[in-house]
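This report concerns only the one structure given below.
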Amino acid sequence: MFRKLHDPGPATVTVHIDGRPVRAEAGESVAAVLLRQPEGWNRTTPVSESRRAPYCMMGVCFECLVEVDGQGSVQSCLTPVRDGMSVTRQQGRRSLSA
Amino acid sequence: MSDHHTDLLIVGAGPAGMAAAVTARRHGLSVRVVDDQSAPGGQIWRAIETVAATPRLARLGEAYRAGVDRAAAFRACGALYEPQSQLWQIEPGFRAFLTRDGRARSVTAEAIILATGAQERPVPFPGWTLPGVLTVGAAQILLKTADSVPDKPVWIAGCGPLPLLYMTQLLAAGGRIAGFLDTTPRGRVGAALRHLPQGLGRFGDLVKGLSWSLALKRAGFPIIRHVAELRAEGDGRLESLHYRTQDGREGDVAAEVLLVHEGVVPNIHAPLALGCAVKWDAGQHCQVPALDRWGETSQANVFVAGDGAGIGGAEAAEPRGRLAALRVATKLGKLRDDAAEAAARPERATLSRALALRPFLDALYAPRPQVFAPADETLVCRCEEVTAGELRTRAAQGRPGPNQLKAFTRAGMGPCQGRQCGYTMAHIVAAVQNRPVEEVGFYRIRPPLKPVTLGELASLDEQEPAA
Ligand SMILES: Cc1cc2nc3c(=O)[nH]c(=O)nc-3n(C[C@H](O)[C@@H](O)[C@H](O)COP(=O)(O)OP(=O)(O)OC[C@H]3O[C@@H](n4cnc5c(N)ncnc54)[C@H](O)[C@@H]3O)c2cc1C
Ligand code: FES
C-alpha cells in the first residue's frame, strides 16, 4: 500500500511479522511497517471478522491493534519498532485485558 | 520536585504544550510534560527533530521548519519531558495515570494543562473501514515519520487546508496523485466571503492557500468538484471507489489507497472524563470545553490550551499555551496578578490575530451535510460495527439519548470510546428526533481514556508503596 522513499542504511532493524523477518527503520512505528507489507491488514474484527488496517495513525481509532512480543491489543501506530520485535496480526475477539 | 510530583503537569508536547512549558519554567514552576509520541512537536511538527537532520526538511515546507526552534527551546527549558507516555486517567487533586512501554504509573501535580490537540473529523461512508482507506492526516504522519508514500497514484477526497498541504508535500517528495475529489459544496466561497472583513489582516495566509492550489493545478491530476457521496468497495481491501457529485455526476475508479479528510475537531475526551463543562461550537460543528480567558475549565486548576480548546491552528495554540501557563504561575503564587495581566496582553493580541481568519475557513470548509447523514448501510461505529440504519431505527423508538443508544446498540462501547462515532451518532439522533444537535450532546465519557490491561494495572501496584 505504501513504500518508503529512502534506504534506512545503518538505521535498519529487523522485526518479525507473523514470524517473517521484515526490514524496518529505527524510530518508525510498527503500523508504518505493516502498511508496507503486501497483506495490507493487521487485524480482523471481533464482530464480523473483517480485515482492518491503520486508519488514523495517531492513536484515536484503535484499528491498528496487533500483538507485540506476546502482548495483545497494542496500538501499533503508537509503538516504535525495536530490533527483534515480534508482531502478530490479531484475529477476531482478542481480550483487551490480556 | 520529587520523582512523582511537579507544580504543573502538561499533557501534550505540540505547539501549545511546548509553549506552556517554556513559559511556566520561566516563572519558576516545576513542570512535567507527557506525550504519547516519541519526540516533541505534536501534529504540525511531528518528528521535526529527526527530519531536521535530513534533506526531507525542505520538502515539508516553511511552517514545518518553524518547529525546529520550538523543539529546541522546549528541550532547553528544564521541564521534565516524558515521551511515549499515554495519559489514561486523572483523579482530582491531581493524580494522573500514564502508560509507557506497557507499564503504568501515576504522577501528581497542583495544576494541569491539557494540550492534547485535535483529531480529524471522522468521515463515515460505505466501505470506509476497508484497509486502504486512511485519513489524509494518517498519510501525512507516514510521510513525516516514516518517509513513506502511497505506492501507486493515490485518490484523495475531502476539503480543508490539510489535504492541500499534504498534496503539496506529497508531490514535493515524489509521490503521485490519481485525483482529488473536492467535497466543498457549491456556493461555499460566496458564503464564506461574508466572514472575510474580520480576516483581512491575515490576507497573507489566504494568498498562501491559493498558491497551493496553483501548484497543485500545475501537477495536472483530475480535480472533481462538489463531490457529495463516496463509496469504497473491495474484498478485504480497497479496490474501487465510487463517487457522486451534487449535480448527480457519477464515477467509478480503481483505487488501492483513498485518503479522506473533512477538517479537525478538538480532542475532548480528557476534559469530558474530568467533568469539565463543554459547549457546542456551531461554527466548527463540534464540542469545545467552556473556558475562561486564561483557558481554565469549569474544574479549578484544569486548563485546556491549543486546538483542544477549539480549532485555531498552531499560531493560536502557542499563545493559548502561554496564557494558561501564566495563570497557573499566578495561582501557585509565582507571579503577581498585574504582572500576569501585563504579560498576557501581547499574547491575547497574537491570539486574536491568529484567529481572525478562522470564521472564514470554518464557513468555507464546513463539513458537507452527508458527513453527518451517512447512508443506512454505513458502519458508523467502526469498533462494534453498528450501522447508521440500526442507529436510526433505534433512535426512533422512545427518543433515547446517546448513552441509552450506546447501551442498546453497543455503538461507542469499543476501544475508541466514541472518538469515531460520537458526532455521527449525535447528528443521526438529532435528525431522527427532530432536535438540535447541541441538545443531543455526546456519550458520557468515563476514565480510563483507553483500555487498560491487567498487566498495566499490575505494574501500577508495584509503584504504589513508593508513591
Ligand atoms: C493528523 C493531524 C495532522 C495535522 N497536520 C498539520 C500540519 O501539517 N500543519 C498544520 O498547520 N496543522 C496541522 N494539524 C492541525 C493541528 O491541530 C495544529 O494546529 C497544531 O499541531 C495544534 O497544536 P496543539 O499543541 O494544540 O496540539 P498537537 O500538535 O496536536 O499536540 C498534542 C499532543 O498531545 C499528544 N496527546 C494527545 N492525547 C494524549 C494522551 N492521552 N496522552 C499523551 N499524549 C497525548 C499528541 O500525540 C500530540 O503530540 C494537524 C492535525 C491533525 C489531527
Ligand atoms: S491507526 Fe488509529 S489508533 Fe492506530
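Note on naming: letters A, B, ... go to the chains in the order of the sequence lines (proteins, then strands), and numbering restarts at 1 for each one.
- With a 4.5 Å cut-off on non-hydrogen atoms, V149(B) touches chain A through its backbone and its side chain both.
- Residue contact with chain B, scored on non-hydrogen atoms closer than 4.5 Å, involves the backbone and the side chain of S48(A) alike.
- For A173(B), the parts sitting under 4.5 Å from any heavy atom of chain A are the backbone and the side chain alike.
- Top candidate by heavy-atom pairs under 4.5 Å with chain A, chosen from Q37(B), K152(B), Q84(B), is Q84(B).
- Neither the backbone nor the side chain of V136(B) has a heavy atom closer than 4.5 Å to any heavy atom of chain A.
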Exercise for review: Show your reasoning for whether side chain to side chain contact (heavy atoms under 4.5 Å, CB included) applies to F62(A) and Q417(B).
Suggested key: CA-CA 10 Å; F62(A) 290 76; Q417(B) 298 182 312; over 6 Å; no

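- R36(A) places no side-chain N or O within 3.5 Å of a backbone atom of S148(B) that could act as its donor or acceptor partner.
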Check your understanding: Are Q86(B) and Q75(A) close enough, and set up right, to give a side chain to side chain contact (heavy atoms under 4.5 Å, CB included), and what steps lead you there?
Key -> CA-CA 11 Å; Q86(B) 202 174 10; Q75(A) 282 173 284; 3.3 Å; yes

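- The OG atom of S29(A) lies 9.0 Å from the CD1 atom of I141(B); values are rounded to the nearest 0.5 Å.
- The shortest heavy-atom contact between C61(A) and Q420(B) is CB-NE2, 3.7 Å.
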Point to revise | CA sep, side-chain torsions, deciding dist, call: L5(A), R59(B), side chain to side chain contact (heavy atoms under 4.5 Å, CB included) | key: CA-CA 13 Å; L5(A) 292 168; R59(B) 306 199 298 243; 4.3 Å; yes

Exercise for review: Given side chain to side chain contact (heavy atoms under 4.5 Å, CB included), test L134(B) with F2(A) step by step and report yes or no.
Suggested key: CA-CA 11 Å; L134(B) 293 85; F2(A) 283 78; 4.1 Å; yes

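- When the shell of 6.0 Å around CZ of R3(A) is examined, it contains more than 12 heavy atoms from other residues, nucleotides or ligands.
- K4(A) and D147(B) are not joined by a salt bridge, as no carboxylate oxygen comes within less than 4.0 angstrom of a charged side-chain nitrogen.
- For the pair M1(A) and G132(B), the tightest heavy-atom approach, listed with the atom from each and the gap, is CE-N, 3.5 Å.
- The candidate with the highest count of non-hydrogen atom pairs below 4.5 Å against chain A, out of E256(B), R382(B), R46(B), R56(B), is R382(B).
- Heavy atoms closer than 4.5 Å to chain A are found in the backbone of T145(B), but not in its side chain.
- One distance of note links CD of E63(A) with SG of C416(B); it measures 8.0 Å at 0.5 Å rounding.
- Here the shortest heavy-atom pairing between P131(B) and G40(A) reads CB-O, 3.4 Å.
- Here the straight-line distance linking atom CD of Q119(B) with atom SG of C56(A) works out to 8.0 Å at 0.5 Å rounding.
- Under the side-chain contact (heavy atoms from CB on, under 4.5 Å) test applied with V60(A), the options R419(B), H269(B), K450(B) reduce to a single match, R419(B).
- Comparing E28(A), E25(A), R52(A) by how many heavy-atom pairs each has under 4.5 Å with chain B, the most go to R52(A).
- Using a 4.5 Å heavy-atom threshold, the side chains of E385(B) and S50(A) count as touching.
- Looking at every heavy atom in both residues, Y55(A) comes nearest to V133(B) through CD1-O, 3.5 Å.
- Crowding of D235(B) atom CG: a count of heavy atoms from other residues, nucleotides or ligands under 6.0 Å not exceeding 12.
- Note that the CG atom of D151(B) and the CG atom of L35(A) stand 11.5 Å from one another [nearest 0.5 Å].
- Once rounded to the nearest 0.5 Å, the distance linking CG of L78(A) with OG of S85(B) reads 11.5 Å.
- Evaluation of the side-chain contact (heavy atoms from CB on, under 4.5 Å) rule for P266(B) yields I268(B), C286(B), V288(B), I311(B) as partners, not counting sequence neighbours.
- Neither the backbone nor the side chain of P8(A) comes within less than 4.5 Å of any heavy atom of chain B.
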